[in-house]
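Notes to accompany the following structure.
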Amino acid sequence: MYFEKIRSRFLQKFRLGSFTQPFVPSSALDSSVELKEEKGQTPLLAIKIRGSIHSSVDLPRTSVQITAADITDGTENPLPVRGSSKQWQLPDSLRFCFVTELGTLPASITTLADWTTIAQIDPLWLQLPRSGKRTLQFSISISGFDNPVEVASSDCVFIYDSPSPGFIDLHENIERSKILTVTLAFTVSGADGSLSGCEIEMIKKWARRNIDPVDDSDKAKKQIERALNKTISLLRSGNTVNAEKVCLEIAKIASPALRSDTLEFCLQLARSGGTVSRTKLSLLKNIAGWLEVDKNIVITLVQKILTPDICEVQDEQFFLGVRPDMDSEETRLLLNEQYKKWSSRVTNFDPQIRRQAAGMLRFIAQTRNLLVK
Amino acid sequence: MSNNGSKIDTIAGIDLGTTFSSLAILNAIGRPEIVPNSEGERLTPSAIFFDEESSGIIRVGIEALHCRYLNPQRSVRWIKRQMGDASYKKFLDGKEWSPVELSALILKKLKDDCSVDNRQIRDVVISVPAHFDEIRRKATMDAGTLAGLNVVGIVNEPVATALYYATTCPVYGKILIYDLGGGTFDVTIMDVKGTDMNIICSQGDHELGGIDFDRKILEIMRSFYKDKLGAELINTEEERAKLEDEAEDVKKTLSRRDVAKQILYGRSGSTKFELARQVFEEAVAPLMSRIDILLEVALEEAKLKPSQIDKVLLSGGSSRMPIVQKRLRKMFGFDPDVAVNVDECVSLGAAIHAGMTLIRDNPLALSTGIIGGLKNIRLTDVCNHSYGTICAPIDKKSGKRVVENRIILRKNTPLPCQATKTFYTVAEGQTELEINITQGEDTAPEYVNKITTHKLQLPPNRPAECPIKVTYSYDVNQRMHCFFEDVQSGSVLEVDFALDRQGNMKQNEIEEKAKRFETLKVQ
Ligand SMILES: Nc1ncnc2c1ncn2[C@@H]1O[C@H](COP(=O)(O)OP(=O)(O)OP(=O)(O)O)[C@@H](O)[C@H]1O
Ligand SMILES: [Mg+2]
């Protein structure tokens with residue numbers, strides 16, 4: 001299908017300006033990073049320096065500031081490295097920054113002949129733009145604590161293999177899963193063979209509201225519209241979408257919250273059609289499973305959005321969480337819980353909720369009559 | 001009893017039922033007695049018919065039930081199911097009738113019929129299903145006021161049943177009252193030591209009563225007719241009205257016999273219809289499952305096993321169905337107690353409740369005989385619903401504020417009761433607090449009812465998280481009092497629970513309407 005093929009090109013949004021090498025006269029400082037992994041301990045990045053630091057005044061206290069950038073795509077195309085919490089961020093920015101005190105520097109040249117560790121950084125303090133092997137450039141800057149003049153600086157490069165998804169990955173995943181949600185919505189809408197006009201409008205509205213255009217240009221906005229229209233015409237000309245494949249991709253990249261949003265939208269779309277056919281209901285049930293949405297959330301969403309009376313078949317698993325492996329006693333207790341919940345809602349001021357509650361109570365009683373001996 | 005001109009004011013209890021209503025008075029020694037209506041019947045059908053021919057006369061009772069066949073559009077039945085529903089209106093001759101007004105007509109018939117022989121019915125207690133919410137309770141009281149009654153209290157139907165039983169025969173232990181009437185089902189569990197009664201909990205369902213069993217039979221009749229004669233049995237409202245009654249007859253017959261027989265007359269001819277009790281019982285199994293669930297939920301709430309129940313008392317006309325007794329025997333292992341008058345015990349108990357209420361509120365109005373008859377009865381009721389307020393705490397997982405309903409007074413707390421919880425303001429510089437009083441068991445605000453909304457003004461220039469103390473109390477007359485206090489400034493908001501929401505009339509409106517009702521002819 002077409003819609004899921006639009007790829008987001010968000011990288012530009014994140015790029016930093018290219019680097020110019022800092023120039024600090026007189027000092028000749030080297031730096032390096034070493035990954036320390038000891039059994040049973042969290043791995044740490046040890047930041048070390050060596051060489052000479054030249055200070056023209058007595059500095060009773062000095063501080064070291066360590067920042068980082070991701071230069072995997074070259075120093076001309078650096079990407080920021082973020083701090084994972086305020087504590088590890090530059091003021092007014094998300095960028096990583098670690099500051100620590102270094103001690104006294106006399107007004108002369110201080111020479112460190114051996115590698116000296118000045119900081120140990122937990123990799124969890126860093127948020128890299130991408131996962132996997134990344135080339136990181138650490139910048140170390142030494143200055144007076146009360147006197148912000150820099151007395152020495154050094155850059156060093158370290159390759160770190162990051163296991164967790166980067167923030168650009170995450171952003172792309174969010175955008176990607178929204179795009180996939182739209183594709184999935186089209187399959188829900190078309191489950192009974194044809195796409196209805198009002199459902200298409202609902203999907204378009206959702207897409208416009210939720211999918212970020214690459215930039216603010218009209219061109220970017222039009223790209224989404226074009227993709228929507230092309231998908232509709234492909235579906236209308238008989239093409240089909242593999243809903244399972246789409247869901248599995250969403251399940252892989254989207255957070256639980258996002259996945260339940262996707263399911264919620266599919267359910268709302270199904271409800272907007274008035275009645276939910278057997279085919280559509282079974283597709284929705286599968287979608288909930290493929291998306292790996294938490295079972296309790298599925299029940300809450302299904303009960304909130306669908307009602308047994310608008311469904312062609314009444315499914316006790318989907319509506320009430322009765323699983324085939326439950327015995328009579330477990331089913332009985334679960335149904336009693338559900339009954340308690342719905343019976344306090346039959347007097348709701350909202351007639352829609354009252355109707356829904358009345359329908360649920362009837363359905364629960366029928367289910368009990370069927371399944372509890 | 002006070003002397004009101006030539007008539008003597010008499011205390012009464014009224015069972016305003018879905019299908020039948022009745023009225024009982026307290027006699028000179030404080031014993032309740034049913035007063036027959038002007039037709040000499042102890043029960044009055046809760047049916048209304050607006051007669052076209054003799055305008056100005058509204059028929060209530062058995063006559064209304066019969067007239068219904070002539071013109072179902074001008075008749076009303078089962079109005080109790082619509083009680084509190086602001087959207088329900090009956091349009092007739094350019095006038096619209098609300099459920100409160102229609103119920104008032106039934107009450108007026110009872111009052112007028114029973115106010116004979118020097119007797120004037122004034123102070124009454126009206127019974128409602130235990131699961132009725134505040135809106136329906138208030139609507140029921142309003143109906144009484146419209147009918148010219150002084151409603152001194154509202155009693156839960158199963159409580160009334162228990163009062164009657166406990167004052168009639170010796171009752172001890174954990175008692176379960178099973179009340180299956182015409183339109184509702186209620187189950188109440190209580191702890192009884194003679195005339196000392198403590199309600200433990202109640203559960204109920206307003207879509208479960210005799211008429212639902214009738215409808216099942218009607219469905220069977222229709223499909224039988226269709227199979228036999230290939231035609232619809234019911235084509236008009238008139239035909240429906242007639243067949244509803246026939247279905248009810250079949251149901252009642254099945255309480256006595258294994259098979260009920262009936263000739264079905266339809267447009268495509270007549271056919272002989274037979275229904276075996278077993279077939280009927282299979283058809284109503286989902287309704288019985290619903291009752292089972294409610295029984296189990298009530299037992300669970302009371303933290304009791306079926307084996308810990310000492311006695312099951314039956315109430316309501318539908319408890320005569322053999323399937324009811326069969327199921328109860330299976331669940332509890334013993335036979336339920338069948339009162340002689342399952343359809344009268346509610347109004348009889350309501351009369352006792354009226355006496356008890358007056359002993360507490362206005363003992364001088366009572367004769368020493370009545371006081372002597374009732375003085376030993378002690379009743380502790382419970383809160384019928386949970387009451388709470390809407391707040392916006394920070395969710396620990398997401399760190400975001402979520403709007404939710406917090407319960408302050410929990411359902412089934414013995415009355416009188418009081419509970420306090422502290423909440424915190426959400427914003428810096430917050431000068432106003434929206435206060436919602438809710439009724440319902442859910443955390444999700446969309447599923448609970450906001451029964452009133454008020455605003456509490458707060459001092460300016462304060463940080464967020466200032467404490468607000470919220471206290472709810474509920475008295476034995478089922479009235480609620482809410483108290484909101486800004487702890488730092490001491491500024492308070494008090495809300496006495498008087499409903500003014502949709503569907504419930506304001507006091508002056510009721511009084512004005514009551515005057516109009518006085519002139520209505522109800523027969
Ligand atoms: N012998 C019987 N067998 C079966 N049902 C019966 C029998 N006698 C009466 N009923 C049913 O009992 C119901 C009336 O009972 P009752 O008078 O207790 O109800 P109600 O007080 O009008 O209703 P509710 O209490 O639900 O508001 C009717 O539905 C009637 O059909
Ligand atoms: Mg009754």
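Residue numbers begin at 1 in each chain, while the letters A, B, ... track the order of the sequences. Predicted, not measured: the structure shown is a model, and the values here were computed from it.
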Is [X] in contact with chain A via its backbone, its side chain, both, or neither, using a 4.5 Å heavy-atom distance?
| X | result |
| --- | --- |
| B/His385 | neither |
| B/Asn449 | both |
| B/Glu300 | side chain |
| B/Leu294 | side chain |

Over 12 non-hydrogen atoms of neighbours within 6.0 angstrom of [atom1] in [X]:
| X | atom1 | result |
| --- | --- | --- |
| A/Arg278 | CZ | no |
| B/Arg81 | CZ | yes |
| B/Gln278 | CD | no |
| A/Lys373 | NZ | yes |

Considering only heavy atoms, which portion of A/Thr347 lies under 4.5 Å from any heavy atom of chain B: side chain, backbone, both, or neither?
both
Would you mind reporting whether A/Ser343 and B/Asp205 have side-chain heavy atoms less than 4.5 Å apart?
no
Between B/Ile451 and A/Phe349, which heavy-atom pair has the shortest distance, and what is it?
CG2-CZ, 4.0 Å
Those residues of [range], ordered by number, that approach chain B below 4.5 Å (heavy atom to heavy atom):
| range | answer |
| --- | --- |
| residues 263-276 of chain A | none |
| residues 353-372 of chain A | A/Ile353, A/Arg354, A/Ala358, A/Leu361, A/Arg362, A/Ile364, A/Ala365, A/Arg368, A/Asn369 |
| residues 311-341 of chain A | A/Arg332, A/Asn336, A/Glu337, A/Tyr339, A/Lys340, A/Lys341 |

Could you grab the distance from atom OG of A/Ser344 to atom CD of B/Gln439, nearest 0.5 Å is fine?
9.5 Å
Mind running side-chain contact (heavy atoms from CB on, under 4.5 Å) on A/Val346 and B/Glu207 for me, showing each step along the way?
CA-CA 10 Å; A/Val346 285; B/Glu207 249 197 48; over 6 Å; no
Run the side-chain contact (heavy atoms from CB on, under 4.5 Å) test against B/Cys417 and tell me which residues pass, sequence neighbours left out.
B/Cys383, B/Leu409, B/Thr413, B/Leu415, B/Tyr474
